[in-house]
Amino acid sequence: MRKYILKKLLTTIPVLIGITVIDFLIMARAGSPIDMMTGPRMTEATKAALATRLGLDRPLWQQYLSWLWELLHGNLGYAYKSNQPVLDLILSHLGPTLLLMGLSLLMGLVIAVPLGVYSAVHRYEKRDYLLVAVSFITSSVPGFFLSMILIFLFTVTLGWLPSGGMVTAGIGGDLGDLVRHMIMPVTVLTLPIAASNMRYIRSSVLEILETDYLRTARAKGIGRRLVIWRHAMRNALVPIVTVIGMQIPGLVGGAVIVEKIFNWPGLGLLTMDAIMTRNYPLIMGVCLLSAVVVLLANLLTDILYALVDPTIRL
Amino acid sequence: MHSSALTRFLRHRMAVLCLGIFILVVLFALLGPFFSPYAPTQKSGGFSAPPDSAHLLGTDKIGRDLLTRLMHGTRISLLVGLSATVISTLIGVVLGLISGYFGGVLDRILMSVTDMVMSFPYILLVLVTAAIFEPGLVTMILILGFVNWPGVTRLVRGNVLSLRETNFIRSDITSGMPRRYILFREILPNTLSPVLVYATSVFALSILDEAALSYLGMGVQPPTPSLGNMLSGAESLSILTGKPWMWLPAGLCIILLVVSINFIGDALRDAMDPRNLA
């Protein structure tokens with residue numbers, strides 16, 4: 001097991017390096033960030049000085065190697081303009097995003113598991129069709145459109161919920177205030193997760209219900225509830241674990257649009273700003289972080305896989 | 001599609017209904033503009049006017065007919081979705097065939113590149129590229145086409161790997177059939193149906209992504225209408241509350257398109273699944 005994890009970790013290193021190279025190449029094509037920082041009154045000489053100071057006048061491979069070298073020393077570089085360390089910026093925005101993503105993933109599963117099992121047990125009945133149809137419709141609504149409708153309903157029409165931010169300026173800060181700010185963004189992120197997971201769980205349980213050992217279990221008269229939750233769920237979990245692992249990259253990115261709309265002070269908002277102002281060190285930092293998160297999630301998926309499925313030996 | 005598969009597809013009443021809706025939306029987008037007296041970028045009425053007999057869906061901020069823009073916007077969204085799907089499917093199928101059939105070092109390199117693209121958070125990649133290259137229709141199609149191929153590659157590779165062990169392919173190899181014949185005449189047709197099903201979901205996803213990107217201002221640029229950028233005007237509260245005709249139709253159009261594509265894909269999956277052949 002330990003050997004397997006170590007081997008996996010080692011194979012992720014070239015993938016990570018590859019990703020950073022791709023990042024660098026994409027950004028090299030983009031043109032100079034100097035244009036975004038300078039005003040009309042800046043002379044060519046000051047521009048050149050700025051480029052020298054930021055190291056932008058050197059060949060690309062030198063820029064990349066020095067970035068890599070600093071990275072190995074735990075330094076992700078400094079954001080343009082504000083000159084704050086990228087690592088500090090990322091860490092200070094990480095909390096709100098983790099809160100949003102974690103809660104949405106959890107809520108998505110809490111909704112999806114019972115509905116998926118229910119749907120599978122009653123398959124080809126009206127309620128099964130209804131649930132599947134609702135799930136398809138839910139995953140077809142664009143997140144930003146749902147956000148607009150929610151803001152329209154709950155902020156504008158009913159005046160119940162704040163339309164953006166994490167706390168109310170001035171008076172905010174307690175738990176109730178935070179919860180009120182979270183309801184809409186969490187809803188927008190949760191629904192598609194719940195909808196697609198429900199379908200995966202449904203088909204996974206369906207497949208298991210057809211197996212001989214379950215028929216035996218039922219024939220022994222163990223009782224429906226026990227058969228489903230003890231015997232069927234265990235094995236249905238295996239593919240579900242993979243699917244959840246596959247959703248993590250989506251969550252990392254999916255939060256970007258939702259955070260932008262609800263002005264949630266997380267990584268997504270930071271990323272959007274960085275992209276808009278071509279703040280390359282910051283973009284590199286965020287991309288690296290998300291790649292690490294995704295690769296770790298993949299590794300975790302493999303390990304969980306082995307834990308739920310005793311036939312897999314790592 | 002075999003006739004039995006067709007029968008199985010037709011059994012899904014919901015999917016048949018969705019196919020009908022999808023065809024209607026496509027006709028609306030393709031033929032609609034010929035019946036419209038306005039051009040999509042032509043200013044023809046009052047600013048933000050509510051629907052009336054001259055402008056059935058009202059006008060936008062600068063007095064353009066919204067029904068006409070909705071038709072053209074749907075056209076653009078369909079075009080983006082379809083082209084992105086074709087591009088990513090082509091790349092995916094070719095790389096998957098190569099990777100699965102030849103194996104070895106080539107396979108390992110291709111698979112690690114696939115891993116790389118896959119472990120990049122999708123939206124982040126799209127956003128970064130969209131922000132960096134000149135935003136617009138072609139960029140949009142290329143970006144969406146490029147980010148979606150890894151799924152197809154894996155699917156095709158897996159299929160090729162299992163097909164290569166079958167007797168009919170083995171006999172092809174033993175009898176010295178040309179490689180091109182084996183790859184494109186024998187293996188490819190047998191892996192097409194899962195690819196087709198996968199392509200429907202890529203199609204739906206691409207339409208959603210186009211909408212999101214254009215909504216953020218990084219996709220199709222005005223004055224060209226797309227379903228996404230027609231919604232981006234509605235960020236302001238006065239439009240959101242007081243002028244629903246300016247954003248509701250475009251949003252509903254996206255949902256209608258994506259829902260119908262998803263249902264069609266689901267029914268195709270059922271219809272083409274060899275386990276249902278009985």
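Order of the sequence lines sets the chain letters (A, B, ...), proteins ahead of strands, with each chain counted from 1.
Taking 4.5 Å as the limit, every side-chain heavy atom of Asp266(B) sits out of range of all side-chain heavy atoms of Arg199(A). Taking 4.5 Å as the limit, some side-chain heavy atom of Tyr215(B) sits within range of a side-chain heavy atom of Ile261(A).
At a 4.5 Å heavy-atom cutoff, the contact between Ala211(B) and chain A is made by backbone and side-chain atoms alike. The part of Ile283(A) that comes within reach of chain B is its side chain, from C-beta onward, which places non-hydrogen atoms under 4.5 angstrom from that chain. For a residue to count as touching a neighbouring chain, one of its non-hydrogen atoms must lie under 4.5 Å from one of that chain's; by this rule Ala274(A) does not touch chain B. Proximity to chain A is absent for every atom of Ile207(B), based on heavy atoms less than 4.5 angstrom apart.
Residues Leu208(B) and Ser140(A) come closest through the heavy atom pair CD2-O, 3.7 Å.
To the nearest 0.5 Å, atom CG of residue Leu146(A) and atom CD1 of residue Ile255(B) are 8.0 Å apart.
Checked options Leu227(B), Ile254(B), Leu231(B); the residue passing with Phe145(A) is Leu231(B) (criterion: side-chain contact (heavy atoms from CB on, under 4.5 Å)).
For OH of Tyr200(A), the number of neighbouring non-hydrogen atoms (other residues, nucleotides, ligands) closer than 6.0 Å is 12 at most.
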